Amino acid sequence: MEIPIHVLVFYLVALVVVGSACIVAFSRNIVHSAFSLLGTFGGVAALYVFLGADFVAAVQVLIYVGGILVLILFAVMLTHRISDIDITNRTVGRIPGLVAGAVFLGILVYAIAGTDWAKAREVAFEPTTAAIGNLFLGEYLLPFQIAAVVLLVALIGAITLSRKEIKE
Amino acid sequence: MDLGNVASLSLFYPEIVLAGTILVLTILDLVVANKRAMAYLGLAGCLVALGATVDLYGTEPTLLFHRMVALDNFSLFFKVVTLAALVGAIWMSIGSGEVRQVHLGEYYIVLLTCGFGMFFMASANNLLMAYLGLELVSLTSYILTGMLPHNRRSAEAALKYLIYGGVASGTMIYGMSWVFGMAGSLDYATINAAMAEGGGNQIALFMAFVFILAGFGYKMAFAPFHMWSPDVYQGAPTPFTGFLSVASNAAGVAILIRFFYPAVSTLGQEGAWAFQALPALQWTDLLVALSIITMTWGNLSALNQRNVKRLLAYSGIAHAGYIMMGLVVLNNDGLNAMLFYVVVYLIMNLGAFLVVMIVANATGREDMDAYRGLAWRGAAFPAVCMMVFLASLTGLPPMAGFIGKLLLVAAIIEGQFYVLAVVAMINTVVSLYYYWRIVKTMFLDEPAPEDGPVAATASAMPLLGALMVLTIVLGVYWAPLLDYTTGSLGFFMP
């Protein structure tokens, strides 16, 4: 049986996403973790392409890879002595953690494999931007506006928390 | 009815008033020098929104904005609760010495936005809206918790809250993605239709519901998602702690009921709900276990607390457990008791935090020693009020808390959950110990020589008196409130 090329590419991308996510979680060096996010974010953008979501993929690259990742790197590099902090909370132990994680993973995989998932229509590779715009101003107007409120208050909060002194 | 965007606006004016107040405050903050005026403007905005919400009560259930939010008595009830909590919190903030240290303009803007988010937690008819409302409430809560300047405890609380909150909401949205994957839609009506057919793979559905329950439970602070609560209660400014303890709990109850009742269950004869999504698994057993663990854990942890805010945090966890009891019976009696308890809890807990604030204003302390002989140090009225609130929290007659607990226990006994009822009774006895230790400290302990007089904050007195009178009146004449909560069980049925 011959495997189609796009299936191979999909599994390659998935491997990159999961592999770099593992490095993010397990690396002892926080700078390495931050750089590994590049693979995760970029790979997710590729997954969006597989779903025919061109606009979301472009936004993912622009905002996550171009913006948030750079911001995280700045924060990591500008933080004084970030890598040698004392961790006071000891972990319970690797073995119980591994066992619990493995059992949980087993249940999840079993549940996912046994489920009849609602299938999307065939993926159509055509521009989606206009449709997204229409939905934002039509069916999804309210969530769009509420998201604006979320961003506004996050902005106000970030400014308030970062300038703490009060002038009398 | 199912309205589009423009047509919805005419039934959306409480939200518009509240959002308008937030925006006006944001702009005024730049030009007005007297920041205290912001509090009064915020208060006025809340009162107008409250009037508008009460005015809408009883409207025919309608879906607004292309089925995004539901306008029904249930959501209006929780909007009234949220606005009442906002009014109380702003009033408390005006007299609070702690709040005077923060940037007042931003404080009121973020506080109102938190209430605005709770509106959508109560009315969301779509998982996307539910998530957005919950995130709005979470983000604003983190900000308000960490607002106290140069205060390590406040900063630590905000960070812990953020990390727990991030995990909880990540878990929840993962669960939501499973539900989406099985139902093929985020809309509650479509989910309901999919669940009515048996719901598909039982294990996958069970996992998804547990994940979603984790996100909602984190808002309500029930075990095992309660870890944030003691630190946050202690670190946050007291008026906001008071608001958070009652409103966050209420909003959690609202989003939980809306999702697990109208969205995934079906209303049958005589107010009984059929939870047919999981025919093969005992969903209620899980809820019973959670409820028992939550109330027992909360009460036992409260026993040794020396800080009154921390003690009230553990008592809040215990109360989340009591409120959960209403969920297990799967009928309208249980839900009714939950709504009743939410109102009663709002009144008594806000009152208790008000007394904490008055004592902290005068002494700068929140530990038990600051309450030594409080009644004989010039604060007899706050001390008496505190006794009423604590008696109500314990569930002693003739306070409102007694009726609330009675309704909950009656509902579960009727549903034949005897073990749960017995555990709830035992827990009430346990809670008597730590609540009445405060009362004993206030009245029976001699003030130490170094304990100065406690000047009661004048502006807080009318609110304190009103809350105390309500606690007693609702304990003897509860019929109007019970009628109101019964009427508020009108859901928009998908």
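Lettering of chains follows the sequences in order, A, B, ..., and the numbering in each one begins at 1. Bear in mind the structure is a predicted one, so any value in this text is a computation, not a measurement.
Residue F120(B) touches chain A through its side chain alone, counting heavy-atom pairs closer than 4.5 Å. Only the side chain of Y174(B) comes within contact range of chain A, with at least one heavy atom under 4.5 Å from a heavy atom of that chain. Using a 4.5 Å cut-off between heavy atoms, F12(B) contacts chain A through its side chain alone, with no backbone atom that close. At a 4.5 Å heavy-atom cutoff, Y131(B) makes no contact with chain A through either its backbone or its side chain. Contact of L136(B) with chain A is made through backbone and side chain together, with heavy-atom distances under 4.5 Å. Neither the backbone nor the side chain of F144(A) comes within less than 4.5 Å of any heavy atom of chain B. Using a 4.5 Å cut-off between heavy atoms, I109(B) contacts chain A through its side chain alone, with no backbone atom that close. Heavy-atom distances place no part of L144(B) under 4.5 Å from chain A, backbone and side chain included. In this structure, the portion of L152(A) lying under 4.5 Å from any heavy atom of chain B is its side chain and not its backbone.
You'll find the side chain of V69(B) stays beyond 4.5 Å of the side chain of N125(B), heavy atoms only.
With respect to E15(B) and K79(B), a salt bridge is recorded, a charged nitrogen being found less than 4.0 Å from a carboxylate O.
Counting heavy-atom neighbours within 6.0 Å of Y11(A) OH, excluding the residue itself, gives a total of 12 or less.
Here W283(B) contributes atom CH2 and L205(B) contributes atom CG; the two are 9.0 Å apart, rounded to the nearest 0.5 Å.
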